[in-house]
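A short worksheet on the structure shown next.
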Amino acid sequence: MTHDYTRKRGVVHTEILLPPHAPPSFSDRAALWNSVELYEKAGNAQLAREIDAALPIELSREEQIRLVREYCSSQFVSRGMCVDFAIHDTGSDNPHCHIMLTMRPLDERGAWAAKSKKEYDLDENGERIRLPSGRYKTHKVDLTGWNDKGNALLWRKAWADISNAYLERAGSPERIDHRSNAERGIDELPTVHMGVAACQMEKKGIATEKGELNRNIQKANRLIREIRAQIGKLKEWIADLFKARETAPEQPPQSPGLANLLMKYLSVQREKSRKYSQSWQRQHAADELKTVAKAVNYLSGHGISTLDELDAALSSVSDQADAIREGMKTAEKRMKKLQKLIEYGKNYTEYKPIHDELKKLQNGWTNKRDKYEEAHRAELTLWNAASRYLHANLPKGTKSLPISEWEKEHATLSGQRTAEYTKLKETRAEVAELHNILKCVDIALKADQPEQTQSRTKRQEQER
């Protein structure tokens, strides 16, 4: 595929970094990548590895350039890679860098060397294993270690560490954390990667499936955070109340009855309203009666009569929210997988006739085949990507793609997600009701404190 980047906006800096034994001519971008492409003979050879990173907006442009340069030098050039990086910033608060890395090492003469080598597989007697084809069984040995998947985590951590050092020197309190939400103890549903196409459509106001999925996930996360925060506050309040009860020996050991405390709350509110007009008192009394009636109905409906039972109810609501969250996590993970299967399955099915036609032309008619391949390169690229993904993620021997079944399962999970979100909203409403009950109880308990303090003072005077 040919792309024209002559009118690309926002490229604010480009630079090439080379190991000591690289030819000086590689400082020219065209010379470097033409050399890479000329050396590779296989049609499916990987010419480069790309790493994208968001740049901290708290740093100046010069600091951002130095950050990328130091990162590339320490992580890639020091290991023998050639680095070509560009910094993009279109003024939309999203400065980022694209880092292109060469895949082959350079020998001491500055020539491209092998990435890997083949070694023969040996049997228990140390003899080569012959295949039915007559060839010997071999395996590939990586000579650089650059393709080790563990590098992804190492390079992410290095980016976080170096970026944080620059942020600290710049006096910024912001920090980058390379770890996942789960590793950081953040119990939230992860959003999906939007991709360039979906992002562009969303910017134009066109809703995408991935965008809708992320919006639903974000709404669920907000609800979960709100529920957990409210429950945490209420549990803390009850714990403090129990602690205060333990330190007051004149208090009865049993948990105070909530019905009595709600009646006490009504009397407290009635006393407070005496300084206002009769009409205001009547309206206020009616409102408070509704509040208490609602609280009593909730308590009786859930079999709650004491603070201990109210504490247990809070724990139950918390467990219920956790169970909903775990169910949503499992469903969202499966939906992401189904979205990919559906997308690649449709591409595979749509472009398979083009791939089959190319296969017919491969046994001769070279010029015609090349023209056909060039004319349909985009479709063939999509088909090859779909083929690789499906072969890696479907059981061996799968002959037909159950796209309609995947779509039905996705629709079912989407409906379940809506139902789970409704349950979360109901849980939030339940937590809000518990919060109102505890607010009333708190007012009643505080009203008792002056009386208790006064009686305790009189008792101490009598003992003296």
Side-chain angles (χ1 to χ4, degrees), residues 185 187-188 222-273 284-328 420 422-460:
D187 196 8
E188 290 191 349
R222 282 195 295 271
L223 263 181
I224 290 167
R225 284 196 298 270
E226 187 178 330
I227 290 169
R228 292 176 72 86
Q230 285 284 358
I231 289 175
K233 289 178 183 177
L234 295 176
K235 293 283 284 184
E236 185 178 348
W237 181 84
I238 290 181
D240 289 343
L241 191 62
F242 286 160
K243 188 176 180 180
R245 194 176 68 189
E246 289 172 3
T247 57
E250 70 278 0
Q251 293 294 316
Q254 68 273 14
S255 179
L258 293 177
N260 292 335
L261 289 171
L262 287 173
M263 292 304 103
K264 176 69 176 178
Y265 167 79
L266 271 180
S267 64
V268 169
Q269 295 302 100
R270 192 179 300 113
E271 285 299 319
K272 285 182 179 178
S273 66
H284 181 67
D287 292 340
E288 294 301 335
L289 276 171
K290 287 179 184 177
T291 299
V292 171
K294 190 176 179 182
V296 169
N297 287 335
Y298 178 89
L299 294 173
S300 60
H302 290 78
I304 302 170
S305 59
T306 65
L307 273 176
D308 290 310
E309 292 171 349
L310 189 59
D311 184 40
L314 269 176
S315 298
S316 176
V317 171
S318 180
D319 293 342
Q320 178 184 341
D322 289 344
I324 295 171
R325 186 184 67 253
E326 288 304 316
M328 293 181 80
E420 294 295 316
T422 302
K423 287 181 185 177
L424 272 181
K425 289 199 290 187
E426 292 170 355
T427 303
R428 180 180 62 179
E430 193 169 350
V431 172
E433 185 58 41
L434 288 168
H435 180 268
N436 290 333
I437 292 171
L438 284 173
K439 189 168 67 174
C440 297
V441 169
D442 190 41
I443 290 172
L445 288 170
K446 285 178 178 175
D448 279 342
Q449 286 174 359
E451 297 175 8
Q452 293 165 4
T453 304
Q454 187 177 7
S455 63
R456 186 163 53 248
T457 303
K458 287 181 179 179
R459 190 165 55 252
Q460 288 172 349

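For reference, positions follow the sequence shown, starting with 1. The shown structure was predicted, so the numbers you read here are calculated from the model rather than taken from an experiment. Below, all heavy atoms of this structure are taken into account, side chains as well, without hydrogens, waters or symmetry copies.
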Original post:
Are any non-hydrogen side-chain atoms of D322 and S318 less than 4.5 angstrom apart?
Top reply: yes
Pairs under 3.5 angstrom only: tabulate donor-acceptor contacts from the side chains of residues 431-440 to other protein residues two or more places apart or in another chain.
{"residue": "N436", "atom": "ND2", "partner": "A432", "partner atom": "O", "Å": "3.4"}

Subject >> Spacing of CD belonging to E309 relative to CG belonging to L299, to within rounding of 0.5 Å >> reply: 9.5 Å
Subject >> Distance, nearest 0.5 Å, that separates CG of L223 from CZ of R325 >> reply: 12.5 Å
Subject >> Under the side chain to side chain contact (heavy atoms under 4.5 Å, CB included) test, residues paired with S315 that sit two or more places apart >> reply: K235
Original post:
If you look at every heavy atom in S267 and K264, which pair is closest and at what distance?
Top reply: OG-O, 2.7 Å
Subject >> Expected output: side-chain S316 to main-chain A312 donor-acceptor under 3.5 Å >> reply: no
Show the atom names and distances, to 0.1 Å, of all donor-acceptor pairs under 3.5 Å that link a side chain in residues 422-429 to residues at least two apart or in another chain.
{"residue": "T422", "atom": "OG1", "partner": "T418", "partner atom": "O", "Å": "3.0"}
{"residue": "T427", "atom": "OG1", "partner": "Q320", "partner atom": "NE2", "Å": "3.4"}
{"residue": "T427", "atom": "OG1", "partner": "K423", "partner atom": "O", "Å": "2.9"}

Original post:
With sequence neighbours excluded, what pairs up with R225 under the salt bridge (Lys or Arg N to Asp or Glu O under 4.0 Å) test?
Top reply: E188
Subject >> For A321 against I227, the heavy-atom pair lying closest together >> reply: CB-CG2, 4.0 Å
Original post:
Would you call M263 and V292 a side-chain contact if the rule is heavy atoms closer than 4.5 Å?
Top reply: yes
